[in-house]
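Keep in mind it's a predicted model, so treat the numbers as computed, not measured. Numbers here simply count residues along the sequence, with the first being 1.
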Amino acid sequence: MTNKPVLLVIAHGSRDPRHAATVHALVRRVRSLRPDVRVETGFLDFNVPSVQGVLESLAVQGVRDVVALPLLLTRAFHAKADIPAVLADAPPQLRIHQADVLGPSPLLMAALERRLYEAGLTPADKSSTGVVLASAGSTDPEAIAVIAEIAREWRHTGWCAVRPAFASAGSPAGFPRTEDAVRELRALGCSRVAVSPYVLAPGFLPDRIARGAAEADVLADVLGAAPEVARVVLERYEAARMPLLTAVSA
């Protein structure tokens with residue numbers, strides 16, 4: 001047994017079975033990196049176990065401390081509203097601290113590059129390749145600003161150009177769809193265009209990104225269970241468990 005807080009990874013959930021399979025693969029990688037930490041998975045919707053069900057089970061088992069980690073790339077509605085609401089209904093004997101979302105992080109940018117290289121690009125291709133940073137989309141101003149800033153930072157690492165794009169139909173004005181960003185980079189004069197999905201798991205919106213990449217030269221895979229993503233999960237866990245340790249020792 002370990003006295004470290006339980007890490008509860010909270011995923012959105014999807015009717016698409018690839019989503020849960022990817023989440024579980026990522027959690028297995030996290031466990032392999034930290035066998036001393038108990039890691040559980042809960043879903044907000046569509047899949048089981050539910051977050052509430054996992055929390056109730058942990059309480060019955062006598063667990064006291066839990067770090068709840070949103071498996072999200074930006075701080076949008078789910079991180080700000082849905083997850084806090086679920087955690088507020090947790091059994092009272094649990095002491096829960098919500099960790100930060102995964103992004104932004106230099107490790108995630110490294111994972112994006114890993115996926116592009118796995119799709120066939122090489123570092124020598126960077127200066128002649130335009131990249132579409134394709135996210136699921138959001139109407140949250142903070143999330144929108146983060147995506148735009150990631151694209152700007154990534155551009156400075158040597159790519160010909162980097163353009164953010166949103167897959168969601170509810171995306172704000174000013175952010176192109178994936179296919180529009182592909183054409184923009186082509187018109188800009190980039191020798192090749194690659195689409196890099198800034199999403200964690202397959203599903204409806206990632207499939208829309210893939211369709212939008214039809215005219216691109218390269219389509220990278222989703223971030224999935226990349227080792228860099230697992231390391232970010234553990235970084236967020238360590239940062240979030242510090243207040244719990246302080247409370248225990250007080």
For the [atom1] atom of [X] and the [atom2] atom of [Y], what is their distance to the nearest 0.5 Å?
{"X": "L121", "Y": "S196", "atom1": "CG", "atom2": "OG", "answer": "9.5 Å"}
{"X": "D100", "Y": "S105", "atom1": "CG", "atom2": "OG", "answer": "11.5 Å"}
{"X": "T178", "Y": "E215", "atom1": "OG1", "atom2": "CD", "answer": "12.0 Å"}
{"X": "L7", "Y": "E238", "atom1": "CG", "atom2": "CD", "answer": "9.5 Å"}

Identify every side-chain donor-acceptor pair in residues 80-87 under 3.5 Å, counting partners at least two apart or on other chains, and give the distances.
| residue | atom | partner | partner atom | Å |
| --- | --- | --- | --- | --- |
| K80 | NZ | D140 | OD1 | 3.3 |
| K80 | NZ | D140 | OD2 | 3.0 |
| K80 | NZ | E142 | OE1 | 2.9 |
| D82 | OD2 | H78 | ND1 | 2.7 |

With heavy-atom distances below 4.5 Å as the criterion, would you say the side chains of [X] and [Y] are in contact?
{"X": "W159", "Y": "L116", "value": "yes"}
{"X": "P176", "Y": "F166", "value": "no"}
{"X": "V27", "Y": "R31", "value": "yes"}
{"X": "H97", "Y": "R241", "value": "no"}
{"X": "M109", "Y": "L133", "value": "no"}
{"X": "Y117", "Y": "P123", "value": "yes"}
{"X": "W154", "Y": "L112", "value": "yes"}

Give the minimum heavy-atom separation between [X] and [Y], together with the two atoms involved.
{"X": "P206", "Y": "A201", "result": "CG-O, 3.2 Å"}
{"X": "I147", "Y": "P164", "result": "CG2-CB, 3.9 Å"}
{"X": "P104", "Y": "R236", "result": "O-NH2, 3.3 Å"}
{"X": "F43", "Y": "A20", "result": "CZ-CB, 4.1 Å"}
{"X": "L94", "Y": "L55", "result": "CD1-O, 3.4 Å"}
{"X": "G42", "Y": "V54", "result": "CA-CG2, 4.2 Å"}

Step by step, would you call E40 with R38 a salt bridge (charged side-chain N to carboxylate O under 4.0 Å, His left out)? CA-CA 7 Å; E40 300 291 343; R38 179 176 175 180; 2.8 Å; yes

Backbone N/O of [Y] and side chain of [X]: donor-acceptor pair under 3.5 Å:
{"X": "Q61", "Y": "S57", "value": "yes"}
{"X": "R155", "Y": "V162", "value": "no"}
{"X": "Y198", "Y": "A136", "value": "no"}
{"X": "T129", "Y": "D125", "value": "yes"}
{"X": "H19", "Y": "G13", "value": "yes"}
{"X": "K126", "Y": "T157", "value": "yes"}
{"X": "R163", "Y": "A151", "value": "no"}

State whether [X] and [Y] are salt-bridged, where the test is any N-O pair (Lys NZ or Arg NE/NH1/NH2 against Asp/Glu carboxylate O) under 4.0 Å.
{"X": "E228", "Y": "R114", "answer": "yes"}
{"X": "D65", "Y": "R95", "answer": "yes"}
{"X": "D45", "Y": "R15", "answer": "no"}
{"X": "E113", "Y": "R115", "answer": "no"}

Qualifying residue for side-chain contact (heavy atoms from CB on, under 4.5 Å) with V39, from V9, L8, L69: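 The passing option is V9.
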
Yes or no on side chain to side chain contact (heavy atoms under 4.5 Å, CB included) for R231 and E235, after CA distance, side-chain angles and deciding distance? CA-CA 6 Å; R231 287 169 58 194; E235 283 186 357; 5.6 Å; no

Walk me through whether L108 and L102 qualify under side chain to side chain contact (heavy atoms under 4.5 Å, CB included). CA-CA 8 Å; L108 293 180; L102 301 183; 4.2 Å; yes

Would you please classify the geometry between the H12 ring and the F46 ring as parallel, tilted or perpendicular, with 30° and 60° separating the classes?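 Geometry flag for H12 against F46: tilted rings.
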
Between L44 and Q52, is the side chain to side chain contact (heavy atoms under 4.5 Å, CB included) condition met? List the steps. CA-CA 9 Å; L44 290 174; Q52 189 65 31; over 6 Å; no

Test question: given the 4.5 Å side-chain rule for I, L, V, M, F, W and Y, name all other residues clustered with L188, or answer none.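 Under the 4.5 Å side-chain rule, L188 groups with V132, V182, L185, V193, V195, V199, I209, L219, V222.
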
Mind checking side-chain contact (heavy atoms from CB on, under 4.5 Å) for A230 and listing every partner two or more places apart, or none if nothing turns up?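 In terms of side-chain contact (heavy atoms from CB on, under 4.5 Å), with neighbours along the sequence ignored, A230 is linked to L26, R29, V30, L33.
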
Intermediate values then yes/no, side chain to side chain contact (heavy atoms under 4.5 Å, CB included), R208 and L205: CA-CA 5 Å; R208 180 178 288 175; L205 290 177; 4.0 Å; yes

